Amino acid sequence: MSETSTAPMVATGPARTAAWRKPEVWITVLLVVIDQLTKLLVLQRLALHEVVPVIPGLLNVTYVRNTGAAFGMLNASDFAYKPLIVAGLAVLALVGILWYAQKFAGDAWAARYGFVLIVAGAVGNLIDRVTLGYVIDFVDVYVGTWHFWAFNVADAAITVGALLFIVDTLFTRHDVPQAV
């Protein structure tokens with residue numbers, strides 16, 4: 001009689017190398033690298049809250065720190081272990097996104113690459129949270145005295161990814177079994 005193993009299978013050989021050949025992996029890595037390089041440039045060249053006009057009346061590069069969550073939520077709040085709690089929530093969100101993407105992204109390019117962008121952005125910002133305790137934001141879009149929340153490459157990737165996912169959800173036909 002042969003024994004059956006209940007240990008999880010780990011990809012080896014061709015299966016493992018095939019994963020690294022997927023464009024989704026390279027796009028994720030490239031976006032995380034670009035995000036981290038742009039943040040490093042800001043750290044090296046700008047003082048905190050320094051403003052460099054790019055397009056007067058519309059766009060500045062401004063170094064700010066986001067100690068909160070998305071769009072500066074909880075940024076003004078101060079409580080014990082805030083960096084650890086916010087980073088923990090970011091990890092949970094990333095795990096949830098990866099699980100959801102694996103289950104539901106399918107072969108539709110908009111959903112698949114939408115999730116790639118979301119994951120890349122989440123990883124880029126998570127690196128900041130874990131290493132610095134805050135996220136470096138620097139793109140400041142404004143009109144007059146109105147300013148959009150400062151953001152970075154990771155935030156832009158997350159936003160574009162979410163839009164791709166929404167487009168896929170709304171405009172792509174998904175074969176869903178009909179209720180009987």
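Residues take their numbers from the sequence shown, with the count starting at 1. These numbers come from a predicted model, not from an experiment. The basis for the numbers below is simple: all heavy atoms, side chains too, and nothing from hydrogens, waters or symmetry mates.
- Hydrophobic clustering (side-chain heavy atoms under 4.5 Å, transitive across Ile, Leu, Val, Met, Phe, Trp, Tyr) groups Leu58 together with Phe138.
- The two residues Ala157 and Leu31 have their closest heavy-atom pair at CB-CD1, 4.4 Å.
- When the side chains of ILVMFWY residues are joined at heavy-atom separations under 4.5 Å, either directly or via intervening members, Leu170 and Leu163 end up in two distinct hydrophobic clusters.
- Atom CD1 of Ile27 and atom OH of Tyr113 lie 5.0 Å apart (nearest 0.5 Å).
- By the side-chain contact (heavy atoms from CB on, under 4.5 Å) test, Val33 is found to be paired with Val29, Leu37, residues two or more places apart in sequence or in another chain being considered.
- Hydrophobic clustering (ILVMFWY, side-chain heavy atoms < 4.5 Å, transitive): Val51 and Trp146 are in distinct clusters.
- Among all heavy-atom pairs drawn from Asp168 and Ala110, the shortest one is CB-CB, 3.8 Å.
- Under the salt bridge (charged side-chain N to carboxylate O under 4.0 Å, His left out) criterion, no residue pair touches residues 52-63, with sequence neighbours excluded.
- The list of salt bridge (charged side-chain N to carboxylate O under 4.0 Å, His left out) pairs with a residue in residues 144-157, not counting sequence neighbours, is empty.
- Between the side chain of Asn152 and the backbone N or O of Ile136 there is at least one donor-acceptor pair closer than 3.5 Å.
- In the hydrophobic clustering of ILVMFWY residues, with side-chain heavy atoms under 4.5 Å counting as a link, Val135 and Val160 come out apart.
- Exactly one of Val64, Asn66, Thr67 qualifies for a side-chain contact (heavy atoms from CB on, under 4.5 Å) with Tyr134. That residue is Thr67.
- Residues Ile34 and Ile158 do not share a hydrophobic cluster, clusters being chains of Ile/Leu/Val/Met/Phe/Trp/Tyr side chains in contact below 4.5 Å.
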In residues 42-49, what donor-acceptor pairs under 3.5 Å come from side-chain atoms, sequence neighbours left out?
none

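- Of all heavy-atom pairs spanning Tyr142 and Leu59, the tightest one is CE2-N, 3.5 Å.
- Contacts classified as side chain to side chain donor-acceptor pair (under 3.5 Å) and involving residues 27-42 (residues at least two apart or in different chains) are given here: Asp35-Lys39, Gln36-Asp128, Lys39-Asn125, Lys39-Asp128.
- In this view, Tyr63 and Arg65 satisfy the side chain to side chain donor-acceptor pair (under 3.5 Å) rule, not counting sequence neighbours.
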Subject >> Criterion side-chain contact (heavy atoms from CB on, under 4.5 Å) on Phe171 and Val167, from CA distance to verdict >> reply: CA-CA 6 Å; Phe171 300 110; Val167 164; 4.1 Å; yes
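- Between Phe151 and Val141 there is a side-chain heavy-atom pair separated by less than 4.5 Å.
- The side-chain heavy atoms of Val139 and Phe148, taken from C-beta on, include no pair separated by under 4.5 Å.
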